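Notes to accompany the following structure.
Note that this is a predicted model, so its numbers are computed, not measured. Just so it is clear: chains get the letters A, B, ... in the order the sequence lines come, proteins before strands, and each one is counted from 1.
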Amino acid sequence: MTDTNTMTTNFIKNIINDHRRINRFDSRVHTRFPPEPNGYLHIGHAKSICINFGIAGDYAGLCNLRFDDTNPTKEDVEYVESILEDVRWLGFDWQERLFYASDYFEELYQCAVQLIKNEKAYVDDLKADEIREYRGTLTAPGKESPYRNRSVEENLDLFRRMREGEFEDGARVLRAKIDMASPNLNLRDPVLYRIQHARHHRTGDKWCIYPMYDYAHPISDSLEKITHSICTLEFEDHRPLYDWLLDALGVYHPQQIEFARLNLSHTVMSKRKLRQLVEGGYVSGWDDPRMPTISGLRRRGYTPESIKDFCDRIGVAKANSFVDRAFLDHCIREDLHLKAPRVMAVLRPLRVVIENYPEGSVEMLDAEYNAENPELGSRQMPFSQVVYIEQDDFMEDPPKKFFRLAPGREVRLKHAYIIKCERVVKDEQTGEVIELRCTYDPDTRSGMSPDTRKVKGTLHWVSAEQAVKAEVRLYDHLFLKEHPEEDANFTTNLNPNSLEVLTGCMLEPVMTGAERGTRYQFLRHGYFFVDPLDSQTGALVFNRIVSLKDSWAKIQKNKAQK
RNA sequence: UGGGGCGUAGCCAAGUGGUAAGGCAGCGGGCUUUGGUCCCGCCACUCGGUGGUUCGAAUCCAUCCGCCCCAGCCA
């Protein structure tokens with residue numbers, strides 16, 4: 001992993017540096033990550049998590065984890081549990097500072113009472129659609145509710161009775177008394193509390209009125225003595241309300257700062273759309289390895305380090321942006337490059353018989369796990385008369401620059417010998433190549449010195465007799481289009497080939513013991529993860545995390561386009 | 001047509017009056033028992049456009065253009 005984070009700067013850090021220069025907030029830095037438990041976290045949330053916990057770490061400050069659980073009808077403990085797991089998995093520690101907005105319901109209520117007493121809030125009897133009408137439009141000012149000038153006593157009484165459950169859902173709301181003519185719609189007497197006779201996942205039936213985000217959030221930040229309340233751009237318009245409320249209450253006042261949320265190419269990021277993919281059966285669940293959710297990336301085999309590195313390197317700014325998926329791929333390849341043992345796996349086997357190799361004899365060849373990281377050690381690989389190679393590594397009539405196996409041509413089998421293709425055996429019916437008859441040069445075993453000849457191609461292979469069968473799942477972009485959300489019905493852009501399941505894959509015998517949740521490089525293919533749920537000893541299942549870069553495939557693709 | 005933001009390479013992004021960092025992608029070459037990695041080189045005479053201020057402007061001013069967000073009793 002690169003160590004760019006400590007050197008990178010961004011506009012948020014610039015603001016914080018300014019604050020520290022003038023000793024604002026006593027030079028403290030205290031952030032918070034405030035998810036609503038109404039869905040699973042995705043990589044966009046990871047960006048926010050990394051910013052909030054990262055900045056706290058950079059300035060020796062603190063970062064709280066706080067659930068913004070103010071809407072019981074949409075939230076659930078299933079989500080809070082998954083969120084806790086995801087943040088923890090990413091490697092962040094909120095220590096003893098796990099909070100819930102619902103912990104503050106009583107304080108929030110008392111603050112509302114104070115606003116009423118100061119004639120800064122009132123109970124409105126208008127119905128939802130009436131409030132909408134009274135709000136006006138983007139260009140026309142709104143008009144004041146007929147209930148706007150009730151007495152403090154009446155407001156206090158009504159608000160208390162709202163809490164006590166005297167009224168039906170939607171019968172009344174508590175509103176801030178600000179300015180119905182404000183060009184900022186958020187200031188046109190925003191709703192602070194609504195009546196919802198709903199059971200809350202933490203407070204149960206204690207409450208039947210629930211605070212709105214715009215009301216609960218600033219006060220929660222204030223109570224926690226947050227210094228920098230970092231959120232996404234769409235809340236920029238809400239900042240005047242955030243500031244108004246805290247000023248109206250005369251309480252500790254954090255600074256809200258907004259940044260642009262992350263968009264990733266070839267996928268969708270909104271909770272609503274991700275939910276649609278799950279509920280529509282387009283994917284197997286929130287943790288489907290094709291999903292951009294934290295749980296999906298984890299199931300796929302991405303490391304927390306690679307995700308953090310990615311988040312650190314994409315930067316933080318206010319311009320809307322679309323980060324290329326290729327950059328995420330780059331980050332995981334870089335992370336696994338030295339970490340992952342490199343082993344042989346033949347995904348689409350082609351049988352090769354080495355005619356001059358003594359039948360029935362097996363020799364063990366030494367093979368290091370990672371030539372660039374000797375610490376990973378080595379293992380023994382059996383070599384025998386019958387091996388499998390990749391179907392793609394043989395062509396009967398190869399093009400110019402193909403330097404793999406072809407009739408009459410030689411290649412090296414990595415860690416073993418140079419072999420020559422003598423004959424091609426085909427299925428009499430279909431004409432399909434079903435076996436290669438080859439010879440080997442016994443003087444070319446790896447490690448022998450002097451090395452005999454140089455050949456252009458080196459192939460991976462597996463000895464047939466000892467091979468371990470496995471299932472391998474190859475993943476590709478979930479969507480064909482770079483920006484699938486451009487179309488109203490984004491599901492039409494789904495990639496029909498985003499998952500390919502290969503069942504007859506042949507692995508070298510050392511892989512028998514591959515443990516769930518571990519990562520390997522399959523030589524010349526990519527990085528693979530032993531599926532933590534589906535893999536069994538004797539029935540191994542691998543997820544492709546990311547392929548290796550493949551310049552041969554690129555050449556082929558460019559040629560095909562011409 | 002109200003308000004709030006944002007425009008630096010194909011994609012991110014630094015840059016805060018002194019002459020355009022870095023990464024990804026791409027292209028060319030070297031090395032290579034992974035067509036991987038690694039190494040070397042190329043890739044913005046110009047910062048949305050146009051005027052202006054200045055010895056000097058991506059940075060300041062004016063004006064125009066483009067894109068995003070806001071009319072939930074969601075967050």
Side-chain angles (χ1 to χ4, degrees), chain A residues 2 4 7-10 14 34-36 38 68 70-71 73-75 124 126-129 131-133 135-142 169-175 182-188 190-196 210 212-214 216-217 231-240 258 260 262 265 271 313-331 333-334 337-338 342 344 371-372 401-404 411-416 418 444 446-447 451 454-460 482 521-526 547-555:
Chain A
T2 53
T4 46
M7 4 232 311
T8 50
T9 179
N10 60 52
N14 291 344
E36 184 190 13
N38 69 341
D68 233 323
T70 56
N71 187 355
T73 61
K74 293 190 173 174
E75 297 154 8
D124 195 352
L126 252 28
K127 298 295 167 287
D129 54 335
I131 287 184
R132 190 179 318 119
E133 280 170 38
R135 185 152 36 224
T137 68
L138 294 178
T139 50
D169 286 8
R172 289 181 228 264
V173 292
L174 182 75
R175 290 231 251 169
S182 171
N184 181 344
L185 305 215
N186 295 121
L187 262 23
R188 318 245 261 229
V191 172
L192 267 24
Y193 269 92
R194 75 285 214 187
I195 300 171
Q196 275 186 128
Y210 291 95
M212 300 290 290
Y213 164 86
D214 279 323
H217 203 85
C231 61
T232 44
L233 248 31
E234 66 271 27
F235 293 105
E236 207 147 19
D237 282 344
H238 297 238
R239 187 171 14 139
E258 311 85 12
L262 169 65
S265 73
K271 277 186 192 171
R313 295 217 262 166
I314 54 178
V316 184
K318 297 192 72 161
N320 291 318
S321 61
F322 258 95
V323 175
D324 197 328
R325 172 71 191 226
F327 189 54
L328 219 206
D329 292 347
H330 169 79
C331 291
R333 282 193 196 104
E334 192 175 273
H337 179 240
L338 294 177
R342 302 168 182 181
M344 308 250 208
E372 281 139 287
K401 285 190 178 164
F402 184 85
F403 40 80
R404 277 116 96 148
V411 294
R412 169 169 292 283
L413 296 181
K414 177 136 177 132
H415 298 310
I418 291 176
T444 58
S446 286
D451 247 3
K454 293 281 182 191
V455 285
K456 199 77 171 111
T458 299
L459 309 185
H460 61 278
E482 214 175 318
Q521 181 191 125
F522 287 177
L523 237 67
R524 302 209 300 139
H525 281 299
S547 66
L548 251 27
K549 287 211 282 185
D550 188 347
S551 59
W552 172 244
K554 192 183 293 178
I555 291 167

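- Within the structure, a side-chain polar atom (N or O) of A:S551 is placed less than 4.0 Å from OP1 or OP2 of B:rG36.
- Under the Watson-Crick or G-U wobble criterion, with both distances below 3.5 Å, B:rA62 is paired with B:rU50.
- For A:R524 and B:rU33, the shortest distance from a side-chain N or O to OP1 or OP2 is not below 4.0 Å.
- Here the side chain of A:P183 is nearest to one of B:rG2, B:rG23, B:rC74, namely B:rG2.
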Self-check item: Intermediate values then yes/no, salt bridge (Lys or Arg N to Asp or Glu O under 4.0 Å), A:E236 and A:K318
Solution: CA-CA 11 Å; A:E236 207 147 19; A:K318 297 192 72 161; 2.4 Å; yes
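- In terms of phosphate contacts, A:H415 brings no side-chain nitrogen or oxygen within less than 4.0 Å of OP1 or OP2 of B:rU33.
- Counting non-hydrogen atoms under 4.0 angstrom, A:K127 reaches a base of the nucleic acid.
- Looking at heavy-atom distances under 4.0 Å, A:T137 makes contact with a base.
- In this structure, A:L126 reaches the bases: a heavy-atom distance under 4.0 Å links it to at least one base atom across the strands shown.
- Applying the 4.0 Å criterion to OP1 and OP2 of B:rU34, one finds that A:R412 has every side-chain N and O outside that range.
- A:K554 has a side-chain polar atom (N or O) that falls below the 4.0 Å cut-off from OP1 or OP2 of B:rC27.
- Phosphate contact (OP1/OP2 of B:rG72, side-chain N/O of A:R132, threshold under 4.0 Å): present.
- Residue A:Q521 is classed as a base contact, given a heavy-atom separation below 4.0 Å to a base.
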Practice problem: Test ring pair (Phe, Tyr, Trp, His ring centres under 6.0 Å) on A:H217 and A:H238 and set out the steps. | Solution: CA-CA 11 Å; A:H217 203 85; A:H238 297 238; over 10 Å; no
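- On a pure distance criterion of 3.5 Å, a polar donor-acceptor pair joins the side chain of A:D237 and the base of B:rG3.
- As judged by a 4.0 angstrom heavy-atom cut-off over every strand, A:K549 is placed among residues touching the sugar-phosphate backbone only.
- Within the 4.0 angstrom heavy-atom criterion, base atoms lie near A:R404.
- Within the 4.0 angstrom heavy-atom criterion, no nucleotide atom of any strand lies near A:Y210.
- Scanning for salt bridge (Lys or Arg N to Asp or Glu O under 4.0 Å) contacts around A:E482 gives an empty result, with sequence neighbours left out.
- No contact: A:H460 has no heavy atom under 4.0 Å from any strand.
- Among the atoms of the strands shown, none is found under 4.0 Å from any heavy atom of A:I195.
- Side-chain atoms of A:T139 stay outside donor-acceptor range of the base of B:rU1, with no qualifying N/O pair under 3.5 Å.
- Across all strands shown, B:rG17 forms no Watson-Crick or G-U wobble pair with both distances under 3.5 Å.
- Using a 4.0 Å heavy-atom cutoff across all strands shown, A:V173 reaches at least one base atom of the nucleic acid.
- Listed nucleotides B:rA75, B:rU37, B:rG72 differ in distance to A:H337; the shortest reach to its side chain belongs to B:rU37.
- For B:rG3, the OP1/OP2 oxygens have no side-chain nitrogen or oxygen of A:R239 closer than 4.0 Å.
- Among the atoms of the strands shown, none is found under 4.0 Å from any heavy atom of A:V455.
- If you check every strand for non-hydrogen atoms under 4.0 Å, A:F522 touches nothing.
- Contact annotation for A:T70: backbone-only contact, meaning every heavy-atom pair under 4.0 Å involves sugar-phosphate atoms and none involves a base.
- The residue among A:I555 and A:A140 whose nearest nucleotide of RNA chain B is located toward the 5' end is A:A140.
- In this structure, A:N14 reaches the bases: a heavy-atom distance under 4.0 Å links it to at least one base atom across the strands shown.
- Side-chain atoms of A:E372 come within donor-acceptor range of the base of B:rG36, with a qualifying N/O pair under 3.5 Å.
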